[in-house]
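Everything on this sheet refers to the single structure shown next.
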Amino acid sequence: MSLSLVVRTIPMPSRKDVLALYQQGLTTSEVTTRLQNSQAWARRVHQEFREQGKTRNATTWQRSTKWAPWAEKLSGRQQAAGYHARGFGSQTRDRSARSIAAGHPADR
């Protein structure tokens with residue numbers, strides 16, 4: 001399938017649509033031609049069904065951010081450097097610049 005800048009006017013096919021076509025015996029190429037979707041997505045849907053029995057899209061995002069373990073430490077450093085949750089006036093910049101130039105105590 002080629003890259004296109006055209007807006008998709010038909011709705012995205014569901015996993016059930018893909019799985020139904022696979023159960024009819026169609027190949028990946030035939031499935032993607034009918035549904036106008038990528039082969040990688042169709043293969044992934046088929047593989048997740050085989051391995052996990054997954055037939056529906058996820059309804060929640062259950063991954064945590066990569067920086068979650070350091071969130072508390074980062075927040076403490078921002079406060080120590082003089083950053084405030086509201087506004088970024090010249091006083092805030094001056095304090096943070098001085099703090100950076102002096103080096104943070106935790107880095108020593």
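For reference, positions follow the sequence shown, starting with 1.
More than 12 heavy-atom neighbours from other residues, nucleotides or ligands sit within 6.0 angstrom of CZ on R50.
Distance check, rounded to the nearest 0.5 Å: CZ of R34 to CG of L26 gives 4.5 Å. Residue S38 holds its OG atom at 8.5 Å from CZ of R43, rounded to the nearest 0.5 Å. M12 CE to L35 CG: the interatomic distance, rounded to the nearest 0.5 Å, is 9.5 Å. Note: R15 CZ to H46 NE2 = 12.0 Å, rounded to the nearest 0.5 Å.
Of the candidates V18, D17, V45, L19, V31 forms a side-chain contact (heavy atoms from CB on, under 4.5 Å) with just one, namely V18.
The two residues A42 and T28 come nearest to each other via the heavy atoms CB-CG2, 4.4 Å.
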Trace of the side-chain contact (heavy atoms from CB on, under 4.5 Å) decision for F49 with Q23: CA-CA 12 Å; F49 174 71; Q23 293 213 348; 4.3 Å; yes
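Side-chain atoms of E51 do not come within 3.5 Å of backbone N or O of E48 as any donor-acceptor pair.
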